[in-house]
Amino acid sequence: MSTLLDLDRAHVWHPYAPMPGTSTPYVVESASGVRLRLAEPVAGHRELIDGMSSWWAAIHGYRHPVLDEAVRDQLGRMSHVMFGGLTHEPAVRLAAKLVEITPEPLRHVFLADSGSVAVEVAIKMCLQYWQSIGRPEKRRLLTWRGGYHGDTFHPMSVCDPEGGMHQLWGRVLPRQLFAAEPPAGFDAGPDEAYAAQLSALIAEHADELAAVIVEPVVQGAGGMRFHSPGYLRLLRELCDRHGVLLIFDEIATGFGRTGELFAADHAGISPDVLCLGKALTGGYLTMAATLCTAKVADGISQGELPVLAHGPTFMGNPLAAAVANASIDLLLRQDWRTEVKRIEAGLTEGLAEVAHQEGVADVRVLGAIGVVQLDHPVDVRAATEAAAREGVWLRPFRDLLYTMPPFITSDADLARITTAVAAAAVAG
Ligand SMILES: *Cc1c(COP(=O)(O)O)cnc(C)c1O
């Protein structure tokens, strides 16, 4: 084991990590259900309950027999073929399914290979739309602060410029427009002053704006904040009024996590462009999708270059598409809404006491997402170890302890997760 960790430290970059590595990751040998099996016990636990769903993705847990079977079945046909000039059933079925389950009038699907690329494609679609219909000056983006849209360059330009991980790049990135963070609280009533600010900003810059891009209802890696769906209806109205496209990044929120199948459903509206990822394949393989309306696609088709000039090598990967189909079918076949409500109730109850702990600034729960915000930066190592002592895997960041467990998490395991969050809040 020490050899493996030595090699890891010497050669392997981890997310947002220095090189050589300074912290010691846990070695995972296998995973099943909601449990990660470690190569060596941590604080007496050989298995940890996964409170993170591997960053929002593993909604059905690990080694789910239906998903395993879908991958094996597809492996017996082909694991990959190029998508230029060729097509195949898993990708076509997936695209049709995504159009069917996402809000009207989203109609066309670009299958990308990661969330950041899906956001790049969404931005490219919008810029190219305006270019193609003879409005090339409409090439800036507007977002609100507190967002996260990925780690490649254009997505970085719409991440929160201060709280985010990308301050370093201020001089390199295209300069986008930022509104203030949306007022906090899913149930909070509309804040008139904020709405007026947002309206004024969009009106003032409409001539140079290609699109507004936001994470609807839940801002994830930018700070785990929730806001009222009312602001999404307002954005839809403003974008329509001023001729600006609207992009929703539902890479984290898609597939039931917030209590609706898509966060846009809370607002009863549809964006012009929608990004999906993370739970798309049930956490099995890397794949993301960018959907757009016929209006956007038709606009692009009128251009001098009437094609969307994007085509990743592994576009539409059959293995990923097959498991995405199986994961979505599995989700829709069950009463997922009741499961998410059950987890919401368990998190609400389990975290209620934590709000009174010293050092805790806020506790909030929405759907299968539980957040404990501290009044100080979290000691990641101490918090992680405290959770591991309770037999739970958590990965805090900034001043946030948070959990978004797999939808299959039992009530007993959920109680252990909230106990671990409470312990991590004390230790971190
Ligand atoms: C994770 C995430 C991304 C980036 O996806 P990757 O697959 O990590 O590139 C973009 N937007 C949101 C909202 C995300 O949560």
Side-chain angles (χ1 to χ4, degrees), residues 13-17 52-59 102 110-126 141 143-161 163-166 169 173 176 181-182 211-227 232 235 246-258 260 262-264 266 271 273-291 310 312-315 317 320-321 323-324 327 366-369 371 395 397-398 400 402-404:
W13 287 108
H14 283 267
Y16 312 108
M52 305 302 292
S53 295
S54 283
W55 277 337
W56 312 84
I59 52 175
T102 54
F110 187 100
L111 294 172
D113 36 12
S114 78
S116 300
V117 173
V119 174
E120 295 279 6
V121 169
I123 294 171
K124 190 184 268 190
M125 280 175 177
C126 294
L141 302 167
T143 184
W144 47 37
R145 286 178 181 264
Y148 175 78
H149 297 283
D151 294 341
T152 58
F153 278 80
H154 250 86
M156 274 203 289
S157 76
V158 284
C159 289
D160 190 278
M165 294 164 275
H166 305 132
W169 299 105
L173 296 173
Q176 315 293 15
E181 281 178 2
V212 171
I213 176 169
V214 297
E215 293 158 278
V217 177
V218 176
Q219 294 181 296
M224 299 300 295
R225 301 170 85 253
F226 310 150
H227 56 257
L232 306 174
L235 283 180
L246 181 59
I247 305 171
F248 280 176
D249 177 351
E250 294 227 27
I251 290 168
T253 53
F255 304 101
R257 180 59 67 179
T258 69
E260 291 287 346
F262 299 100
H266 287 291
V273 178
L274 174 70
C275 300
L276 301 173
K278 292 198 162 102
L280 173 63
T281 63
Y284 267 55
L285 284 158
T286 177
M287 177 175 260
T290 309
L291 286 82
H310 214 100
T313 305
F314 287 97
M315 185 168 180
N317 176 260
V323 75
S327 175
L366 180 70
I369 308 167
V371 183
R395 180 71 179 166
F397 73 106
R398 276 206 255 161
L400 298 162
Y402 67 117
T403 177
M404 50 284 185

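All ligand and atom numbering here is 1-based and tracks the order in the structure. Along the sequence shown, residues are numbered consecutively beginning with 1.
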Mind checking whether Tyr402 and Trp56 have parallel, tilted or perpendicular rings, split at 30° and 60°?
tilted
Any side-chain heavy-atom pair from Phe314 and Thr286 closer than 4.5 angstrom?
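A side-chain contact is absent here, since even the closest heavy-atom pair is not under 4.5 Å.
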Below a 4.0 angstrom heavy-atom separation, can you tell me which part of Trp56, side chain or backbone, both or neither, approaches ligand 1?
neither
Between Glu215 and ligand 1, does any nitrogen or oxygen pair lie at a separation below 3.5 Å?
no
Using the rule side chain to side chain contact (heavy atoms under 4.5 Å, CB included), only one of Leu111, Thr102, Ile251 pairs with Leu276; which is it?
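One option only clears the test, and that one is Thr102.
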Pick whichever of Lys278, Gln219, His149, Glu250 has a heavy atom sitting closest to atom 1 (C) of ligand 1.
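Looking at heavy atoms only, Lys278 sits closest to atom 1 (C) of ligand 1.
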Identity of the nearest option to atom 6 (P) of ligand 1, non-hydrogen atoms only, from Ala118, Gly115, Ala57:
Gly115
By ring-ring contact (aromatic ring centres under 6.0 Å, His included) - contacts of Phe262 (at least two apart)
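Phe262: ring-ring contact (aromatic ring centres under 6.0 Å, His included) contacts with Phe255.
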Proximal atoms of ligand 1 relative to Gly150 (non-hydrogen, under 4.0 Å)
4 (C), 10 (C)
Ligand-residue contact atoms, ligand 1 with Asp249, heavy atoms, under 4.0 Å
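So the answer, numbered in order with elements, is 10 (C), 11 (N), 12 (C), 13 (C).
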Straight-line distance of Thr281 OG1 to Met287 CE, nearest 0.5 Å
8.5 Å
Show me the side-chain donor-acceptor pairs of residues 113-121 shorter than 3.5 Å, one per line, residues at least two apart or across chains.
from, atom 1, to, atom 2, distance (Å)
Ser114, OG, Val117, N, 3.4
Ser116, OG, Asp151, N, 3.2
Glu120, OE2, Thr152, OG1, 2.6

For atom 8 (O) of ligand 1, find the nearest protein heavy atom and state the residue, atom name and distance (0.1 Å precision).
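Ranked first by proximity to atom 8 (O) of ligand 1 is Ser116 OG, 4.5 Å.
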